[in-house]
Amino acid sequence: MKNSLFSPLAAAWVCWAIVGLSPVAGKYAVGVISPALLVFLGTLIGVLYFTPWITKNHKWGELLAPETRWKFLFIGTFGTALPFTISLIALHYTTPGNAAILQQSELFYSLLFAAIFLKEFPSKAQLAGSALIVAGVLIILIKEQYTPRWTGDLLIVGSTWMLQAGSTVAKKLPKYLDHRVISMARNLFALPALVIILAAMWLLKENFTLVPNVRMFSVLAYTGLLKYGLAMVVWYKAIRALDLSKVTAIYLSYPVLSLLISAGLGLETPTLYQLFGLAVTFAGAYWVSMTVKKEGH
């Protein structure tokens, strides 16, 4: 993919569209492939996705350089291996719509990490939009308290800090690194943690699910080619050009797409509190998006 295809703001919205499918794909993965195994195999596909470009452009040296390898390992572990595995486990309990909306709790950590480590301080308009997003998350979380869905909901909310930690470290990488090098690194350096997770499952005699059918291969193709491939390219293109907390708020409006697709496929019936929470979060994300446009990005 050439850099000229998308502006940074357009790249953020392309990522929004791909990620919007993620909770639905994760729900379809239940019963046909174990969460950790799906992340592991999807990551391998992601590595293959980027290998031709990395090889053609002689980027293996940058990928394995001593000065960045530990940052890459952090990004791969906390940006892919752990949070993606946890979110897939959460979908054994909660619905795609809930998972998508609650993923927006990531904004807490986006604002905090960006201010502390990146010195990117939110404007008043951004804080107001962000407050709406947070309010929508709380509506869902409080309503599901002590229900069977709550386990999955808490897993989602409790793991989103990892994604922002990985993104914050990515912003501190050398400026000369192409975003495709970072995307490849996120896949490649996720493998050690995933191997450890799979080995631990084997030692603990956990059951591995792998049912080779059309559903499983479709989920795997989406995960490896789109989520761990194209989505990572456009995500890093966006966050390296725009403020991290602003890009996060834009793409976290994806529950609109997730809930519509999930309902259309019969995976859940949207409730009044879900729709209200969704409307509040989307209003906040749209507000922040307009702030980005006014600033000329």
Side-chain angles (χ1 to χ4, degrees), residues 1-22 25 38-84 106 110 114 118 162-194 220-244 246-248 250-251 254 292 297:
M1 191 178 77
K2 296 182 179 179
N3 292 344
S4 60
L5 284 179
F6 300 108
S7 68
L9 185 59
W13 283 108
V14 171
C15 186
W16 170 87
I18 295 173
V19 175
L21 294 172
S22 183
L38 174 57
V39 179
F40 177 73
L41 294 177
T43 298
L44 286 178
I45 294 174
V47 169
L48 294 175
Y49 178 96
F50 291 106
T51 293
W53 187 90
I54 295 291
T55 302
K56 179 181 178 181
N57 291 276
H58 309 289
K59 296 294 185 179
W60 287 105
E62 293 182 4
L63 193 64
L64 303 173
E67 62 268 22
T68 54
R69 65 173 61 146
W70 291 109
K71 290 180 181 179
F72 284 156
L73 184 62
F74 185 94
I75 294 168
T77 301
F78 290 95
T80 293
L82 294 179
F84 289 171
E106 191 176 337
S110 172
L118 304 177
M162 300 177 187
L163 293 166
Q164 278 303 310
S167 295
T168 301
V169 172
K171 288 281 282 186
K172 303 293 283 186
L173 289 169
K175 296 296 184 182
Y176 65 79
L177 289 176
D178 188 276
H179 51 272
R180 284 158 290 196
V181 173
I182 301 172
S183 301
M184 173 62 149
R186 184 170 169 181
N187 283 293
L188 184 64
F189 285 85
L191 292 176
L194 290 166
L220 186 57
Y222 160 80
T223 302
L225 297 176
L226 293 181
K227 186 175 179 181
Y228 298 174
L230 180 59
M232 288 195 180
V233 174
V234 292
W235 169 250
Y236 284 115
K237 181 179 178 63
I239 69 167
R240 284 169 70 82
L242 305 173
D243 283 358
L244 175 59
K246 292 179 180 178
V247 177
T248 299
I250 292 170
Y251 106 92
Y254 75 81
V292 174
H297 294 298

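All values reported here derive from a predicted model rather than from experimental measurement.
P174 meets the side chain to side chain contact (heavy atoms under 4.5 Å, CB included) test with T68, Y176, L177; sequence neighbours excluded. By the side chain to side chain contact (heavy atoms under 4.5 Å, CB included) test, I18 is found to be paired with V14, Y222, L226, L230, A231, residues two or more places apart in sequence or in another chain being considered. The side-chain hydrogen bond (donor to acceptor under 3.5 Å, both in side chains) test applied to T43 returns no partner, not counting sequence neighbours. A17 meets the side chain to side chain contact (heavy atoms under 4.5 Å, CB included) test with no other residue; sequence neighbours excluded. Listed by chain and number, the residues in a ring pair (Phe, Tyr, Trp, His ring centres under 6.0 Å) with F78 are F74, W161 (sequence neighbours excluded). Taking the side-chain hydrogen bond (donor to acceptor under 3.5 Å, both in side chains) definition, one finds that W60 meets it with T55, sequence neighbours left out. K59 pairs by the salt bridge (charged side-chain N to carboxylate O under 4.0 Å, His left out) definition with E62, not counting sequence neighbours.
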Residues L163, F84; criterion side-chain contact (heavy atoms from CB on, under 4.5 Å); working and verdict: CA-CA 9 Å; L163 293 166; F84 289 171; 3.7 Å; yes
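Nearest approach of Y254 to G20, heavy atoms of both residues: CD1-CA, 3.6 Å. Across every non-hydrogen atom of K172 and K71, the tightest pair is O-NZ, 3.5 Å. Across every non-hydrogen atom of L73 and P192, the tightest pair is CD1-CG, 4.2 Å. Nearest heavy-atom pair, P83 versus T77, reported as atom, atom and distance to 0.1 Å: CD-O, 3.8 Å. Considering every non-hydrogen atom in both K237 and P8, the closest pair reads O-CB, 4.4 Å.
D178 contributes atom CG, which lies 8.0 Å from atom CG of N57 (distance to the nearest 0.5 angstrom).
Residue pairs meeting the salt bridge (Lys or Arg N to Asp or Glu O under 4.0 Å) criterion with at least one partner in residues 40-55, sequence neighbours excluded, are absent.
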Please tabulate, for the side chains in residues 183-190, all donor-acceptor contacts under 3.5 angstrom to protein atoms that are two or more places apart in sequence or on a different chain.
{"unit_1": "S183", "atom_1": "OG", "unit_2": "H179", "atom_2": "O", "d": "2.8"}
{"unit_1": "S183", "atom_1": "OG", "unit_2": "M232", "atom_2": "O", "d": "3.2"}
{"unit_1": "R186", "atom_1": "NE", "unit_2": "G79", "atom_2": "O", "d": "3.3"}
{"unit_1": "R186", "atom_1": "NE", "unit_2": "T80", "atom_2": "OG1", "d": "2.8"}
{"unit_1": "R186", "atom_1": "NH1", "unit_2": "Y236", "atom_2": "OH", "d": "3.4"}
{"unit_1": "R186", "atom_1": "NH2", "unit_2": "G79", "atom_2": "O", "d": "2.4"}
{"unit_1": "N187", "atom_1": "ND2", "unit_2": "S183", "atom_2": "O", "d": "3.1"}
{"unit_1": "N187", "atom_1": "ND2", "unit_2": "Y228", "atom_2": "O", "d": "3.0"}

